[in-house]
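Taking it in order: structure first as structure tokens, then the write-up.
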Amino acid sequence: MLDLRHIHKTFFPGTPNEVQALCGIDLLIPEGTFAAIIGTNGSGKSTLLNAVAGAFDLDQGAIHIDGKNISAWPEYRRASLIGRVFQNPFAGTAAEMTLAENLALSMRRGCRRGLGLALHRSARTEIADRVRSLNLGLENRLDNPIGTLSGGQRQALTLLMATWLRPRLLLLDEHTAALDPKSAAQVAELTLTIIRREKLTALMVTHSMPQAVQLPDRIIMMHKGRVVRQYEGQEKSRVRVPDLLAAFDQVRRREQLDPAVAHLLHNQYA
Amino acid sequence: MTLVIGALTIGLILSLLSMGVWISFRVLRYCDITVDGSITLGASVAAILLVKGWSPWTATLAATFAGTAAGWVTGILHTRFKIQELLAGILVMTALYSVNLRVMGRSNVPLLDVETLASPMARFMTRYASHGDNLSIFGWWVPVQDAAMLVTVLGVTIAVALLIRWFLLTHLGTALRATGDNPQMVRAQGVNHKTLVVFGLASANGLVGLSGALLAQYQGFADVQMGIGMMVWGLASIIIGEALAGRTTPGLALCGAIMGTILFRLLVAIALRWGLNPNDLKLVTALFVFAALVLPSVVKSARNSFSNRQRHA
């Protein structure tokens with residue numbers, strides 16, 4: 001379970017470039033929920049994900065995972081609870097190392113790394129089995145540098161690495177955005193399969209409205225660092241892409257009006 | 001034969017330095033110039049301890065630890081105090097000049113008639129295999145001291161290379177390699193990449209310190225100027241090694257570093273024999289590294305423009 005309490009983050013405070021990226025986010029994602037965050041550019045979607053991952057310190061607020069306050073934990077320590085897949089397909093793997101070596105790294109995510117051989121025989125067998133389960137035909141290329149694979153293949157492997165040891169929270173940062181349509185569909189399907197099979201709690205940032213409608217259990221709409229709307233349960237199952245686009249339009253229109261005029265109009269017509 | 005034995009011995013000694021440079025430059029992708037100071041630190045610590053009558057093994061080990069400490073300081077300056085990598089190295093290298101003078105007490109310490117790592121092997125050879133002070137190798141007469149030093153440094157280098165290769169295949173070593181390749185991914189896998197950078201730099205400079213200790217014992221002196229340009233020397237050796245053996249696995253890259261250093265040393269020895277002014281050696285080395293770094297991209301762009309021209313013709 002992910003519990004965000006009153007999260008605030010301002011970048012470049014006190015300078016002309018000051019950006020209020022997150023303005024008091026309160027969010028509760030129950031155990032086993034797959035939530036998608038949607039929003040316009042600069043709405044704070046990826047910043048929220050990075051805040052949870054520990055990429056920077058918060059100005060205010062607290063992050064709890066399964067009741068543990070991880071707000072002060074460094075990024076690498078949070079990895080014991082969090083699996084991550086990045087937007088850039090090349091960001092989640094070490095290009096010059098082999099497939100097997102990359103996967104061996106993820107076998108000890110968040111655990112102590114000792115002086116045992118990383119790729120002993122049983123580890124190799126397990127890696128080959130898991131890679132075979134992806135149905136990408138990569139089980140015969142375990143000793144190839146991972147940099148020789150396509151973006152889609154690397155992203156599928158990054159997803160496998162992020163979920164090798166069951167994470168308490170899976171963070172997906174527009175992980176299909178940089179892929180071609182076919183690879184994006186494959187990776188999205190694989191994501192859903194793994195999340196459902198492992199009953200993972202997951203938070204996915206996406207710009208794709210169809211993906212936001214189809215994949216998750218819950219949709220969180222953000223705008224200018226705030227959560228402006230959420231769809232869950234029956235409402236989520238009924239929502240379609242045009243409804244989301246209409247909701248965005250409504251948010252934008254409301255923003256363009258002076259609050260006093262908006263209130264007057266609301267009283268007049270609503 | 002003396003030229004070959006000398007080049008092989010110095011090549012093997014400097015291959016420890018090359019392996020250190022390989023760890024920092026290729027594994028961690030960190031341009032660590034501390035090397036120029038830590039090789040002298042290793043030499044001066046070993047020399048002063050040998051003069052004081054310490055056992056060669058203890059003196060060599062102490063020199064290795066001294067190099068490790070120098071690398072650790074550079075790593076801490078970079079990771080904890082956020083000083084740029086090149087500047088962190090320059091600061092430590094500059095400081096080490098004074099440290100080395102303090103350690104030695106003067107700018108040069110000769111090692112005359114002191115027990116070195118090669119002494120037991122020399123005694124063994126004198127007793128069983130030689131005629132007087134010379135030893136016959138394939139019909140060539142070679143001084144026992146030189147042959148003993150070659151065998152000793154060969155043993156040390158092979159042992160160290162095997163140790164590094166084994167380490168790089170462990171969980172910790174795999175994480176170290178990934179740290180240089182993709183630090184963001186490493187953090188996402190739960191690894192404190194800053195600690196590994198410090199550890200990697202400390203290990204790399206430990207190897208350089210060991211190389212300095214052996215070099216002092218081979219040359220018979222430690223000098224405060226002996227480290228100048230050694231990082232570039234290591235780079236040149238790595239580049240040659242990669243051309244010879246590739247860099248696909250740690251084992252091949254380490255073999256390449258050793259072969260590259262020996263070959264480079266042989267080339268230098270031949271060039272000196274043919275009349276190259278020793279004062280020009282650093283310039284030639286720097287030009288070689290420059291060419292090796294720039295040529296591949298120049299050749300690639302020339303090839304691309306040629307193929308584009310052919311396509312449009």
| Is it the case that more than 12 heavy atoms not belonging to Asn17(A) sit under 6.0 Å from its CG atom? | yes
| field | CG-CG distance between Asn102(A) and Asp181(B), expressed to the nearest 0.5 angstrom | value | 7.5 Å
| field | Close side-chain approach of Arg26(B) to Glu96(A), heavy-atom, < 4.5 Å | value | no
| task | Please indicate whether Arg121(A) has more than 12 foreign heavy atoms, meaning atoms of other residues, nucleotides or ligands, lying under 6.0 Å from its CZ. | result | no
| Considering all heavy atoms, the nearest Trp166(B)-Leu115(A) contact | CZ2-O, 3.5 Å
| task | Could you tell me which of Cys111(A), Ala104(A), Ala79(A) has the largest number of non-hydrogen atom pairs under 4.5 Å with chain B? | result | Ala79(A)
| Measuring heavy-atom distances to chain B, does Phe90(A) have an atom under 4.5 Å in its side chain, in its backbone, in both, or in neither? | backbone
| remark: Separation between CG (Leu169(B)) and CD (Glu101(A)), nearest 0.5 Å, reads 7.0 Å
| Would you find more than 12 non-hydrogen atoms of other residues, nucleotides or ligands less than 6.0 Å from Arg166(A) atom CZ? | yes
| message | To the closest 0.5 Å, what do you measure between CE (Met185(B)) and CZ (Arg84(A))? | response | 12.5 Å
| Under 4.5 Å from any heavy atom of chain B - which part of Ser80(A) | neither
| task | Can you measure from NE2 (His120(A)) to NE2 (His171(B)) and round to the nearest 0.5 angstrom? | result | 5.0 Å
| task | Could you grab the distance from atom CD of Glu75(A) to atom CG of Asn192(B), nearest 0.5 Å is fine? | result | 10.5 Å
| request: Name the region of Thr93(A), side chain, backbone, both or neither, that has any atom closer than 4.5 Å to a heavy atom of chain B. | output: backbone
| task | Would you name the heavy atoms of Val191(B) and Tyr76(A) that are closest together and state the gap between them? | result | O-CB, 3.3 Å
| query | What distance do Leu119(A) atom CG and Thr170(B) atom OG1 have between them, rounded to the nearest 0.5 Å? | reply | 11.0 Å
| Around Glu31(A), counting heavy atoms of other residues, nucleotides and ligands shown, do more than 12 lie under 6.0 Å from its CD? | yes
| remark: Between Leu172(B) and Arg113(A), the two heavy atoms sitting closest are CD1-O, 3.7 Å
